[in-house]
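Please see the structure below; I have some questions.
Every value quoted in this text rests on a predicted model; they were computed, and no experiment measured them.
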Amino acid sequence: MEFVELKKHLKTEKPKACYVCYGDDSYLIARSAALFGSLAAEPKEFNLVDMEFDNSQVLTEELMQLPLTGERRVVILRGKIDNSAVEEYLKRPNPSTVLVLMYYVPHDSWNKSPVPSFPSGAEGVNCNRLGVEHAYAFVRKIADKTGATISDDVIAVLFDRCGGYMTRVNTEAKKLSAMRANGVITRDDVVCQVAADAEFVVFELVDSILNGDGARALTIVGGMAKNNDLGAAFTLLYNRFKRIFAASVDPDGLSELGVKPFMATRLKNEGKKFSKAKLRNILDMIENADHAYKTGAVSQSDALISFVAQASCLNGGGN
C-alpha cells in the first residue's frame, strides 16, 4: 500500500501480523513508525519496542511476548533483517503483536526506487517521496500555525528546491512560516532562504546547457561551488545525459529501464534538442572533465566550468 493510505488502513482495518515500510523519504518512514506505534496499548514502554535485533532468537522471543495490558504490542525492527527468521515466525505469528520492518532505500531520481526483498507474508508500505500534490495541505497546515499564507505555486517551488523530501520540506516550511508570521511567503522568500537540493540544481544546469544558455549555466556552477555542491555534480550530470541519450536512441525503451512516466516524457522532449552524435559527445566531455580533475590536471571547479562552456555551445540540430 502507499504511505498516504496507511492512516486510514490502521483506523478502519485489523492490523496485519507484519508490515515493511520501505522508501527514500526518512520523514515518511518516521511518520509510519509513529502511526504503527499508536497501535500499542498503554503503558507504551512495555508494549512498544523500537530497536535493532542482532539475534533472531531474541527477536522471536520478543515477538511472542503478550502485552502487559490491553490487546496489542508493536515491535519495530530496524537495521539488518533476517528474512528467513521473520518468515518462520509468520507461519504462526503472535496474534497480539504487530511486527514492523524498516528499510531505507537510496533514491534514484531517474529510475524507480527499488523495492527491497522482504519476508513473504509481510505487507509493504511504500514510503518513497510523494508527489507535490501531497505537499500543498502539509505546508499550508504548518503556515497556518503562524498565520502565514502561501500559494500552491510557491509550495511547488519549495518542494522542488527540497528535492521532494518531506523531511526538508517540513523544516524549511517551519522556517519560512516563522519568518513571515501573519504575512505572505513569496517565491522570492523560498529562492533566497532555501538552498536548492543538488539534484534540482543539476536539473537547472542541464536545462541551461540544452537551451544553449551558457551564461546561466556558468552562474549555476558558481552557485554550486559556493555551496560546496560540486562533489556529486559529475555523477548527476552523467546520469541525466545518459538518460537523455537513451531517450533519443530508443524512446519506447525507457519503461523497460524503469524510468517513471513523467520523467520519460521529459527525457524524450530533451532528447529532441540535440542529435544523438552531440549527446554522445557530451557524455564523452563529462567523462574527460571528470578524469581531468580526478587526476589532478585541473581543479574540480575548472573542470566543470570547461565542460559547461563547451557543452552550451553545442545547442542546435543536425547530426
Handout entry: Between Asp188 and Thr186: side-chain donor-acceptor atoms closer than 3.5 Å
Key =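 Their side chains do not contain a donor-acceptor pair, so the 3.5 Å distance test is not met.
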Exercise for the section: In plain terms, say whether Asp284 and Arg280 are close enough for a salt bridge, that is, a side-chain N and a carboxylate O under 4.0 Å apart. Expected result: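 Here Asp284 pairs with Arg280 in a salt bridge, since their nearest N and O are under 4.0 Å apart.
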Practice task
Look up atom CD in Gln310 and atom CD1 in Ile286, then write down how far apart they are to the nearest 0.5 Å.
Solution key: 11.5 Å
Exercise for the section: Name the orientation class of the two ring planes belonging to Phe241 and Phe307 (parallel below 30°, tilted from 30 to 60°, perpendicular beyond 60°). Expected result: perpendicular
Problem - Pair Glu62 + Arg73: basic N to acidic O under 4.0 Å - result: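 The answer is yes: the pair qualifies as a salt bridge.
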Practice task
Using only heavy-atom distances, determine whether the side chains of Asn211 and Asp213 contain a donor-acceptor pair under 3.5 Å.
Solution key: no
Exercise for the section: Please confirm whether His134 and Phe159 have ring centers closer than 6.0 angstrom. Expected result: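 Ring-ring flag for His134/Phe159: false, centres at least 6.0 Å apart.
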Problem - Non-hydrogen side-chain atoms of Asn170 and Lys174 separated by less than 4.5 Å - result: yes
Exercise for the section: State plainly whether the residues Lys8 and Glu13 are in salt-bridge range, i.e. N to O under 4.0 Å. Expected result: no
Handout entry: Interatomic spacing from CG in Leu210 to NZ in Lys278 - rounded to 0.5 Å
Key =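 Between Leu210 CG and Lys278 NZ, I get 12.0 Å after rounding to 0.5 Å.
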Exercise for the section: Find the distance between CZ (Arg187) and SG (Cys192) and round it off to the nearest 0.5 Å. Expected result: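 It is 10.0 Å, given to the nearest 0.5 Å.
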Handout entry: Polar side chain donor-acceptor pair, Gln57 to Glu61, under 3.5 angstrom
Key = yes
Handout entry: Plane angle bin for Tyr27 and Phe138 - parallel if under 30°, tilted between 30 and 60°, otherwise perpendicular
Key = perpendicular
Handout entry: Side chain to side chain, Leu304 and Gln300, heavy atoms closer than 4.5 Å
Key =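 Sidechains of Gln300 and Leu304: no contact.
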Handout entry: Under 3.5 Å donor-acceptor, Asn94 side chain and Gln65 backbone
Key =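 Indeed, once roles are kept as given, a pair shorter than 3.5 Å links the two residues.
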Practice task
Salt-bridge test for Asp189 and Arg180: reply yes if a basic N is under 4.0 Å from a carboxylate O, no otherwise.
Solution key: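 Answer for the salt bridge query: yes.
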Exercise for the section: Output yes when a side-chain donor or acceptor of Asp25 lies under 3.5 Å from a complementary backbone atom of Met166, and no otherwise. Expected result: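 Between the backbone of Met166 and the side chain of Asp25 there is a qualifying donor-acceptor contact (under 3.5 Å).
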